[in-house]
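Every chain is numbered from 1 and lettered A, B, ... according to where its sequence line falls, protein lines coming before strand lines. Since this is a predicted model, take the numbers as computed values, not measurements.
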2 protein chains.
Amino acid sequence: MNLRDLALELGLSQTTVSRALNGYPEVAEATRQRVSDAARRHNYKPNTRAKALATGRAMAIGHVIPLAAQTEMVNPVFADFIAGASETYMSNGYDIVLSVTKNEDEARVYLDMAAKRMVDGVIVQSPTADDPRIALLKKVGLPFVVHGRAADLPDDYSYIDVNNKRAFQRGTEFLVDLGHARIALINGRESLGFANRRKAGFIAGLKARGLTPDPALMLSDEMTEGYGYSAMRTLLSLAHPPTAFICSSAIIAFGMRRAADEAGLRLGQDISLITYDDDLSYFKNGDDEMIFTALRSSVRTAGRCAAEMLIDLINEPDIPRQRMMEAELIVGRSTGPARPNGTIYR
Amino acid sequence: MNLRDLALELGLSQTTVSRALNGYPEVAEATRQRVSDAARRHNYKPNTRAKALATGRAMAIGHVIPLAAQTEMVNPVFADFIAGASETYMSNGYDIVLSVTKNEDEARVYLDMAAKRMVDGVIVQSPTADDPRIALLKKVGLPFVVHGRAADLPDDYSYIDVNNKRAFQRGTEFLVDLGHARIALINGRESLGFANRRKAGFIAGLKARGLTPDPALMLSDEMTEGYGYSAMRTLLSLAHPPTAFICSSAIIAFGMRRAADEAGLRLGQDISLITYDDDLSYFKNGDDEMIFTALRSSVRTAGRCAAEMLIDLINEPDIPRQRMMEAELIVGRSTGPARPNGTIYR
DNA sequence: AGCAGCCTTCAAAGCGCTTTGAATGGCGTG
DNA sequence: CACGCCATTCAAAGCGCTTTGAAGGCTGCT
């Protein structure tokens, strides 16, 4: 069933039917009623492609999910982000066009999406410090919102980000204030903006409390459970192991906890751990009582906001939209005061 | 830059340019060369919407990601599945249109996708025993491949599935053969086909070895880390706790392990645990040595296959494509012989 | 009665592509 | 030299929708 058929059946012109369905004022109320009844009866929905072609709006947003370098893993964070964004799109009539690509192909994907006019805007994930995609998208004039920020670029594009630096500074200071003097950072890949800022916050936190960062206590890699486990083992095997840890994802934290358990160390008593927590649905950090003391900011909420900002931007370009979220520091059972002698064993 | 501009610049008709770019034979080789050079120079890509309208093929596949009932969580399994499918789509020129919806809206989403002609086919996730979507999609004539199977429906549609029943039967028998007599099943929601079959396999495995299933040892819920943890605690607090466990996802397994650790029990020694393992990228079950003894089948591979099957189906409907994958049983460190007296403490 | 002016409806053009059917030119052949 | 044939190229229609500009039918006014 297409518009022509519907118009024919109703004995009306396509113009009138189209207008009736799209809520234009110049249609008699009785006619509109008749039309929308018929449309519902036949489950008529305008052909997206034709509509997009005629209006020049695709009513679709492009999301590009990056595969981790080499390993080609896909971070579960993106699933929750998209779920959040989707709520916004749904109520605004937008669809999601998804592309999963290796980092080196991303620029081409955006270029293609722009040239093929298949989306009205895109979300850029995981920007690097000097991300080339930003200049590229500006050049081709495709509206975009960055999830995160590019460190070294002028601040004139739209983004939504968490204040990662402040969060990690706060977390670090919290640990120092508990008496911990040797604190380790188990970070994501530091080529990415968020990890870079977390490291900066970590260092700032130590310095603010008069401590000197120790490079041996700052690790960085893809944020898997296995990495958390092996990082923790490595750190615990040091001659003078840290007594507190701050890590970049709940998934890492679970791996770290596994290593700690194996070593017979109790979180919150023998050692302390703070994790960044994206509030992923399948990794809830405790429903009632928090397992981990955490710096929490929901990535799902971020997705919802990013989508809102992008739709705004599409309707009224030129003014960049920017939004900064603060992570909450929620105290859970994984942190406690340091032992007076600075060791980890009871 | 569109086709008309390009044709104008080249002094050719749109027809010729279009044919040159689409590899039709009736174009002189020199002309084709000239055209494709110009196209590359201007980064010309045909407008997807226009092309789709003209050809009647959207060159897009719909994926619907279901949100868990009530909680609206999104299972990380889908991220990996899509990553797999995406590999296939990429090399065949298909795009992914994503929709994230609550279960009760799914039927409407498919109906819309069909009516709006925005996709050439869809993937159906997480079918229930008597899934209404299958009949619906047949009725509207939209090609589809189901990831999983609907238990109670005739076997005349396309699907890719893992032999869940056999896998769980095998795993259960493996545990019994190690001497375990009280074995618990920590399953996903049993309204879903896969969980249902796993339960059947579990029961079959027990019966094949002469054991009687105990309803108190069969739990079922959304497959989160937190559920694994609380399920394990519940089971361990029984008067006569199980000595072996088989669970439906690596994420559950991590939660179970946490509870075991807290209770001072060692996997593979005091208690045994087998997990189903979708081989999710961020939850690798050990790179070298397996943490968990596992029934493994890569959901990413499943995604790749599903996509291939769907593309086949689109090109040649009518013949349903069906594919069954077997899970490997890989022995890791989480299983060991039962203690002679049937207890869990050393 | 005649006319302006509104309300409602319509025919047709256009979005950017593919594809049909026709036209052009160069070539070999009788 | 005329003819037909093949290799190229083209103009135009059509995909299903929106939207412009025009027209038809009423009303109310003079």
Subject >> Rounded (10°) bend between the five-pair end axes of the helix from C/dA1-D/dT30 to C/dG30-D/dC1 >> reply: 70°
Original post:
Knowing that exactly one of B/Tyr89, B/Tyr110, B/Phe78 qualifies, which makes a ring pair (Phe, Tyr, Trp, His ring centres under 6.0 Å) with B/His63?
Top reply: B/Tyr89
**OP:** Indicate whether OP1 or OP2 belonging to C/dG16 is found under 4.0 Å from a side-chain N or O atom of B/Asn2.
**Re:** yes
Original post:
Hey, is A/Lys102 close enough to A/Asp105 for a salt bridge, meaning N to O under 4.0 Å?
Top reply: no
Subject >> Atom-pair distance (NZ on B/Lys45; C1' on C/dC17), nearest Å >> reply: 16 Å
Original post:
So does B/Tyr24 get a side-chain nitrogen or oxygen closer than 4.0 Å to the phosphate oxygens (OP1/OP2) of C/dT19?
Top reply: yes
Subject >> Whole-Å distance separating the NZ atom of A/Lys116 from the P atom of C/dC17 >> reply: 13 Å
**OP:** Scan nucleotides 4-14 of chain C nucleotide by nucleotide, 5' to 3', and note B when protein non-hydrogen atoms come under 4.0 Å of the base, S if they reach only the sugar-phosphate, - if neither.
**Re:** ----BBBBB-B
**OP:** Can you tell me the distance, in whole Å, between the CG atom of A/Leu3 and the C1' atom of D/dT19?
**Re:** 12 Å
Residues 48-59 of chain A, side-chain donor-acceptor partners within the protein, below 3.5 Å, at least two apart:
unit_1	atom_1	unit_2	atom_2	d
A/Thr48	OG1	B/Lys116	O	3.2
A/Arg49	NH1	B/Arg117	O	2.4
A/Arg49	NH2	B/Ala52	O	3.2
A/Thr55	OG1	A/Lys51	O	2.8
A/Thr55	OG1	A/Arg57	N	3.2
A/Thr55	OG1	A/Arg57	O	3.4
A/Arg57	NH2	A/Asn315	OD1	3.1

Subject >> All pairs passing side chain to side chain donor-acceptor pair (under 3.5 Å) where residues 1-15 of chain A contributes a residue, at least two apart >> reply: A/Glu9-A/His42, A/Ser13-A/Thr16
Subject >> Salt-bridge present (B/Arg323, B/Asp161; N to O < 4.0 Å) >> reply: no
Original post:
Of all the nucleotides listed (C/dG16, C/dT18, D/dT18), which has the minimum atom distance to the side chain of A/Lys51?
Top reply: D/dT18
Original post:
Side-chain N or O of B/Ser18 less than 4.0 angstrom from OP1 or OP2 on C/dC17?
Top reply: no
Subject >> Nucleotide D/dC15, atom P - distance to CG of B/Leu53 in whole Å >> reply: 9 Å
Subject >> Separation of atom CG in B/Leu21 from atom P in C/dC17, rounded to whole Å >> reply: 10 Å
Original post:
Does B/Tyr159 have its ring centroid less than 6.0 Å away from the ring centroid of B/His147?
Top reply: no
**OP:** State whether B/Asn22 places a side-chain N or O below 4.0 Å from either non-bridging phosphate oxygen (OP1 or OP2) of C/dT18.
**Re:** yes
Original post:
Can you name the residues that form a salt bridge (Lys or Arg N to Asp or Glu O under 4.0 Å) with A/Arg304, not counting sequence neighbours?
Top reply: A/Glu87
**OP:** Rounded off to whole Å, could you give me the CG-to-P distance for the A/Asp5 and D/dG16 pair?
**Re:** 8 Å
Subject >> Lys/Arg-Asp/Glu bridge criterion (N-O < 4.0 Å) met for A/Arg300, A/Asp278 >> reply: no
Original post:
Rounded to whole angstroms, how far apart are CG on B/Leu10 and P on D/dC10?
Top reply: 10 Å
**OP:** Send over the distance from A/Arg4 CZ to D/dC15 P, rounded to a whole Å.
**Re:** 7 Å
Original post:
For A/Arg41, what residues pass the side-chain hydrogen bond (donor to acceptor under 3.5 Å, both in side chains) criterion, not counting sequence neighbours?
Top reply: none
**OP:** Would you indicate, yes or no, if D/dC17 has its OP1 or OP2 atom less than 4.0 angstrom from a side-chain nitrogen or oxygen of A/Tyr44?
**Re:** yes
